[in-house]
Each structure stands twice: as C-alpha cells, then as structure tokens.
2 protein chains.
Amino acid sequence: MTSASQPAPARPTSRDVARAAGVSQATVSLVLGGKWRGRVSEATAERVRAATQDLGYRPNLAARSLRLGRTRTALLVVPALTNEFFARVYTGAAAVAAEHDFGVVLYPSPDGTGPARDPFASARAALDGVIASSMAADALDALRGADLPLVMLDSDPADTGVAARVNLDIADGMRQVTDHLLTLGHRRFLHLASAIDSWTFAVRAGAVRDTLRAVPGTSVRTVPAALDVRAGREATEHALAAPGPRPTAIICDDDILAAGACKAARRLGLRVPDDLSVTGFDDLALATAVEPELTTVQLPAEQVGERGMTALLSVLDGCPAEPGSLPVHLVVRGSSGPPPRS
Amino acid sequence: MTSASQPAPARPTSRDVARAAGVSQATVSLVLGGKWRGRVSEATAERVRAATQDLGYRPNLAARSLRLGRTRTALLVVPALTNEFFARVYTGAAAVAAEHDFGVVLYPSPDGTGPARDPFASARAALDGVIASSMAADALDALRGADLPLVMLDSDPADTGVAARVNLDIADGMRQVTDHLLTLGHRRFLHLASAIDSWTFAVRAGAVRDTLRAVPGTSVRTVPAALDVRAGREATEHALAAPGPRPTAIICDDDILAAGACKAARRLGLRVPDDLSVTGFDDLALATAVEPELTTVQLPAEQVGERGMTALLSVLDGCPAEPGSLPVHLVVRGSSGPPPRS
DNA sequence: AGCTCGAAGTTATACGTAAAACCTCAGGTG
DNA sequence: CACCTGAGGTTTTACGTATAACTTCGAGCT
C-alpha cells in the first residue's frame, strides 16, 4: 500500500513496440519508416502498427535527429512578431510545415535592444534550413555563414547565396497606389517612408519616384520615419508645416505610418480625405480600425510564409524551387479621395 | 586538382575537440559541462576551452537531449500570434528562455479552422514543459494528459493540475475602468464582451457587474461579440439601436472591440467622447492609432511571458514558483469623458 | 539433387553526448 | 614498507533510432 511513487511512466520506445508485436526493433523501424515494400509481410506490418497504436508510441525525435543528421526543423528569421505582417507570415509557414511534419522555430532578430545574439544559438535544435525576411538585415551575415539552405523573403534579387526566393510584387503595389491617387487628380505628394534600410522599402521609394517621374507636373517629397504611429505623426506634422504649397496626398510605406499621418492631419485641422488623402500599405487590422478606413495595398502575408516553407522543402528535396512573385492588390477605402479644389 | 567536392565541412564533435586538446572525450564533456571542480586540472581545462573556441565547436543538441532525456525546450500555447498581446507574451518568454539557454516553440492553437492537431505533434522536439494561455481552451485537455510541468497564464485558480500560475489582475483593471467612468458621472453602461468562453473574460464581466452593483442607480447591459473590429461595430450598432434610454458609456473587453464601438458611434452620428464614452482593454498599438485615442487598461504582456518562463524554470529546478498576480493600470486618453448633459 | 534467388526477417552498428566506473600514480600514514 | 587516499584523468556504456549487412528458408530451375 505504500507504493509511494509510480516508477515513472517511461515513454515507450521502438523496442517496446517490437516486443509487443513479437518482432525485432529493426522491423518496427522499417514499418514505421515506410521503407518496407517487400521487406516485411503485410501481416507483420499490421501487427507492428497495432502495437504502435496500442502503446501510444511516438518516436523520440532527438534520437532520430542524431541518427539522421537532419532535424526537420526550419528557422524563421523575422524582425518582430509584434508586427502583424510577420505574425501572419509565421502562421502560413507553420501551417505548411505541419503538413510535412516539419517544425518552425522563430528568431525575432533583436531590434537594437539587447545583445545581438547568434541566431543559431537561439534555435535550440540543429536546423535543416532557414527562411529569412530581408528586413532582418542584422542577422543575414551570420545566416550566410552557416551553409544551410536559405530562403529569402522579399529580398533583393541581386543578393547571392540564396537557395530560393519568395517575393511580393511590392513595386506594382506602390504603382497601383500612386496611379490611384494620380487618377483622382493629385499632383503634389508626400512619401512617408520607413527609415529602415531594407530592400523592400527601397523598392517602394523607387516605385513612387518612377511612377511620378512619368507624369509631368507632379512633385514628391520623401520623409523617413520609424515604424510606429507616433513617429509617423511627428514626421508628417513636421513635413506639413514646411513652407511652400502643401501636398494633397501622402503615400505611406506602411499602414502604421498612415495611421500616424491621419492623426497629424487631424491635429492640423485637415480632414481626411477632403483636405488630404492618405494611403497605407500592408492592409493590417489597423487599416479598418481607424477612421476613415485606409486605402492600402493588401499583401498575402500567409501565402508568403506558405511559399517560403514550400520552397525550402523543395530545396531540401533537391528540386530547385520555382521563382515568381506574389501579386498584391490595391484596396480603396475612405482615406483617399479627390484633392481639394482650391 | 580534381578534388571535386569538399569532403563535407562536418561540424566538429566533442571528440574532435578532445583530439585537438590531447585529452579524452570524457574530459571535454566534463570541462564543458562545468562539473570538473577537482576532476580536471585548471591547465587541462584551459586547453580544452581553447580547442573548443578554436574549432568553433558547438554541442550537438540532439545527442545531448537523447542522453539527458531533457531538451531545454518549452512549448508556448497561445490562441493566435496575430493578436499583438500574445506576440508580446512570446517575446517576453523567449527573452527569458534565451538567457537560460532554453528554447521556446509555439503552438498557436487552431481557431476552429483546420484540423485540431495535437500540440505535441506540432512541437517537434520533446518538451520539458508547457506554458499555456487559458484562452487556448481547446488544447488544454491534451496538455493535462502529458505529465509535463504546466504553467498557466491568466487562468482560473480553481483549475487543477497546474504547476504554476501567472495571473494579471484583470478584475482590478476592469474595476479601475468602471470606477473611472462612474467618477465621470456615467450611470447607464453597455458592456461589450468577448464571446470567447475563457476565464479571463468571465472575470472582466464579473468585475463590471460587481462594481456597478455597489452603486445605486446604475444599469448595465452586456452584449457579446467576436474579437474583431467589424464584430464590435456591428454588435454596438445593434445594441445602440435598441429601445429605451441609450447608454452613455461602453466598456469593452478589448481594444479591438473598442475600436469597433467607436466606428459604430461615428456611423450613428455620435461623437466620442462627447456623446458616448468608450473604453478598451489591453493597450494595443491600436489604442493610440485610432481617433480619439482609447482610454484603456495597460497590461504588461512581456512580463507575463517573462514570469511564465521564469516560473517554468523554477518548477523544473524543483522549487515551486512563487505566486502573485501582476498589476495592471488604467490609461486615460481621449475616448472617455463626462456623459452628455441631456 | 544441387543451385540460385527472393521474401522476410534479424543482428549489429553508428550517430554525439554525459556520466558512472575504473585506472594510475605520487604523497602521506601507521 | 604495505596501505590508503585523492587528484587527474581514461574507458566504457547507454540514450533510441535507422539502416547496412547478414541469416534463414522455401520455391523454382537445370
């Protein structure tokens, strides 16, 4: 009666399954590994499967990894998970990974604060591959060093040492936004740009400039800001206070900045969109939470993650992943309208 | 000259380090494991450390896990990462984990869509422990089954089988919000509640009810809504259209719902806060992006993650973690004000 | 009959680490 | 001098899996 403690529940091993099925451990491994066509009879295989089910056996992944030298784990390097876009990218990547019995571990690259830790130290397991956002610039060199398959998200095609690439047609998105505003009649623009030095933002700036350059009589001023509402508001307030004719439309690199721009407008007594049009980018939840709702560009964030993981799996299987960029599309909402008559 | 391929870079093992240092593999393990006081001379230890550095040796975690039966990996179960609150919880947990050479792997519990997968299948590695949000109700039974140390975040103290608990003083937060509105003079309330059946929301509802019950002449109507802006707006529009005297303040379970409530007010031609006060909860980025900015309750999300991980580490070390709940505090912004005179 | 051959397994081994058990030897002790 | 002791190691083993190499046996062929 004084059997104080259970002698430990002890997860069953493949050897336990073998014993229960009356076969050797190797046979269990063959059956469960799927490589038994013609090596094990159907009857035996069935017995093994039954025993597996019966004992609730689950292979020890550490042992498997040790044996195979592969871990079925990928590292996702993103700037910050609190950015809804990257949370969605993770969600997509994790979904595809799960389907292929793969795991995803995160490395949110440190945003200046804290020690710039080694991405691979943070990833506890050894890794089979890496998916990285180009916004996580600080970690990129370390990633290049380890010779792991590297899938880049939304990155410069000129970058080298990349096994596959998943790009969004960001330039097209910015073109669509700019064309939309041009069609409405706007000619004087402010481009509220992210201060982050990353390819994806360089592309945005380029697209705005190139689109406007093709239209005579247009002007644009570019102002950088950190990626938060307050910074967006302050930069906008400052820019609108500048002398000379006021812009009639603000093109923002991000919905967060657009929210800031709207706040600035309100503080200055300008109505959006009557006095000033504002456009965002990303179509975050934020875009439909503010008033007026933001005209913005919707990005298939989950698809980016899905494709990234799919590409990585292809590369690991030896097939080079097919390229091609994902389309984005303009969503016109209340924050954009014709310029004021004056 | 035709040495076609590098014979594989082959990560160095502890045996390689041993060879380089002129000792046995066991000695390397002793030195690096830190258990060498009096087993290895300082000179030898130094040689080993030098060789480790030299070869860039990093222990194979799969092998270590296999040997030790522990993985230094925790599972964090949250409802969805796209919810900024949980992204911040993750950030906090991951930071503490990193300090202790621990890893965190995520299981965003499926929100109805997709197959309700086994949390442990998703966690690729074996786990040393689990930290779970009580909002991830669907996964809880499975978690209880595995006899892993379980740390619950913001959960019912009556729940059993929990090794430690990190709670926010949610009730106090709701009390503060309600008191704030009472002080401003409000008497007729609408409580826009999350439709999610979870302890944390039950507490919010209870706190509102109890606080108002103590004040004669007050009334409150509770309306449930799903956790997104549109649902919040629709529920609010519907509730405000009801016959009888209109509430002068809406207490929301979440900033997202509050944003929806504000939009509803605007659609109905009511000004916030002049005609209607609205309060949120969580202090997400959203709260300062909308106009007017939301009066809300700020929650130390990162701290929740940090404490959760700290508690788990304590439990794994044998010490029962100290309890105690984290304080929250009211942030008064523009969305609340005195009730209209009429 | 002697032979090969394929089906259906089994035995043995390696992956890299941690740690228990063992070994060696110089110096101190009765 | 025989004996113990402890410092400073080394040898060995086990963790659970996947797979290469081997065994066994009955059927089919010449």
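FYI, side chains are in, hydrogens and waters are out, and symmetry mates aren't considered; it's all heavy atoms of this structure. A note on names: the letters A, B, ... follow the listed sequences, proteins ahead of strands, and every chain is numbered from 1.
If you take CH2 of B:Trp36 and P of C:dT17, they are 20 Å apart, rounded to a whole angstrom. One atom, CZ of B:Arg39, and another, P of C:dC23, lie 15 Å apart when rounded to the nearest Å. Counting to the nearest Å, the P atom of C:dT10 and the CZ atom of A:Arg19 are 14 Å from each other.
Distance CG/B:Leu127 to OH/B:Tyr107: 12.5 Å, rounded to 0.5 Å. In this structure, A:Ile131 CD1 and A:Met152 CE are separated by 11.5 Å, a value rounded to the nearest 0.5 Å. The CG atom of A:Asp128 lies 8.0 Å from the CG atom of A:Leu312; values are rounded to the nearest 0.5 Å. From A:Trp199, atom CH2 reaches atom CG of A:Asp159 across 9.0 Å, with rounding to the nearest 0.5 Å. Rounded to the nearest 0.5 angstrom, B:Asp317 CG and B:His100 NE2 are separated by 8.5 Å. With rounding to the nearest 0.5 Å, the separation of CD in B:Gln303 from OG1 in B:Thr310 is 10.0 Å.
For the helix from C:dA1-D:dT30 to C:dG30-D:dC1, the end axes, each set by the C1' atoms of five terminal pairs, are bent relative to each other by 70° (nearest 10°).
Across all strands shown, B:Ser65 has no heavy atoms under 4.0 Å from either base or sugar-phosphate atoms.
For the pair B:Thr44/B:Trp36, no side-chain contact is recorded, criterion being any heavy-atom separation below 4.5 Å from C-beta on.
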Task: Summary of protein contacts for nucleotides 11-19 of chain D, nucleotide by nucleotide, where a base hit scores B, a sugar-phosphate-only hit scores S (4.0 Å, heavy atoms) - done: B--BBBBBB
Task: From CA spacing to verdict: salt bridge (Lys or Arg N to Asp or Glu O under 4.0 Å), B:Arg307, B:Glu322 - done: CA-CA 10 Å; B:Arg307 287 255 198 145; B:Glu322 63 205 75; 5.5 Å; no
